Amino acid sequence: MALNSNYELFERYPDNPILSVDKWPYKANSVFNAAAAKLGDDTILLARVEDYRGISHLTAAKSTDGITDWQIDPNPTFKPEPEKYPEEIWGIEDPRITWIEQMNKWAVCYTSYSKGGPLVSLAMTEDFKTFQRLGPVMPPEDKDAALFPLTFNGLWAMLHRPTPRSALLGAHIWISFSPNLKHWGEHQEIIRAREGGWWDANKIGLCAPPMHTDSGWLVLYHGVRTTASGSIYRLGLALLDPENPTKLIRRTDEWIFGPKTPYEREGDVDDVVFPCGWIKKDGKVFIYYGAADSRICLATADFQQLLDFVLKCPHNDCMN
Ligand code: BMA
């Protein structure tokens, strides 16, 4: 198929944004970077809501078609509790949800904004009403984390993005393992930010949780391009070995989605698309993304086309 220069794997929902502060049941500055999950026939989003202090919490919104008629919780669903969890002092942000069949629970990885910097926290829920915290699972600075839905050789696995003190070293995606979801080890870097002029040079991070496919674990990640007028957040795909997720087998050279429309290009932070959740439904992938740190938008792609695209991409041996 010949692709014209405007071709994109993802199609934006024409009535974007699907959720914004205008439709929010209480006062908030912005809603963005929502996690997504299928709850029976419904879709649930756990949105990051930033209040007028600049502190974020999470609120759930539910919809039957995953597009319209969102039932938004009238009050914050999951609030920072700095009295009991001091690492949540400056808010909780950017959740990612994984269904853990073995426990009949959802795992929510989120960023706690501690006085030592952002870190990864983990909580479990059965209903998106009450949450049992496991507490901080990675020290700062670390964020952009999600669990795999099952164990590998008896160990849970998590993707995350520690940030080295020197920006010169770049920020890359790591994997870690745990016997109990609380104590993590066997840390190793698996996807490196590229260098130089690449769209994903120097800083990358996981977006939505790894998606299981017959060909491997599909990973949606963001690359941050630093320019004279700020950063541009765009998305790429990677594929990890189905049996051994420490092994990167494919990676897109090109970004597959980036800020284009006014609602992605202008907001509290310009030029950002930032999905924290994606859902597979009727042969399609729905990605829910924060646009310009100000609103929640939807784009869809054909699942098979997405997978075919990544399978045609180079093996990970010609990176830089
Ligand atoms: C990242 C995260 C996201 C945010 C993005 C763009 O570092 O903190 O929450 O959407 O920056 O501002």
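Counting convention: from 1, in listed order, for ligands and their atoms alike. Nothing fancy with the numbering, it's 1 onward along the sequence. Just so we're clear, the structure is a prediction, and the values are computed from it rather than from any experiment.
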Does the side chain of Arg48 pick up a donor-acceptor pair with the side chain of Tyr110 at under 3.5 Å? no
Within the 3.5 Å criterion, strictly below it, is a donor on Thr59 or Tyr26 matched to an acceptor on the partner's side chain? yes
heavy-atom search around atom 10 (O) of ligand 1 in the protein gives Asp293 OD1, 2.6 Å
Is there a donor-acceptor pair under 3.5 Å between the side chain of Ser63 and the backbone N or O of Asp69? no
Would you check if there is a donor-acceptor pair between the side chains of Ser176 and His187 at a distance under 3.5 Å? yes
Measure centre to centre between the rings of Tyr221 and Trp199, then say whether the value is under 6.0 Å. yes
Quick look: Glu93 vs ligand 1, heavy-atom contacts under 4.0 Å, and the answer is neither
Nearest-neighbour protein heavy atom for atom 7 (O) of ligand 1, which is reported as residue plus atom name and distance: Lys143 NZ, 3.3 Å
re atom 1 (C) of ligand 1, the protein heavy-atom contact at minimum distance is Tyr233 OH, 3.5 Å
Within a distance under 4.0 Å of any heavy atom of Arg48, pick out the atoms of ligand 1 and give their elements. 9 (O)
Heavy-atom contacts with Val269 under 4.0 Å: which atoms of ligand 1 show up? List them by number with element. 12 (O)
Check: Pro149 main-chain N/O paired with Thr98 side-chain donor or acceptor under 3.5 Å: no
Give the residue and atom name of whichever protein heavy atom lies nearest to atom 3 (C) of ligand 1, and the separation in Å to one decimal. Asp94 OD2, 3.2 Å
Heavy-atom pairs closer than 4.0 Å: do any link ligand 1 to the side chain of Asn33, the backbone, both, or neither? side chain
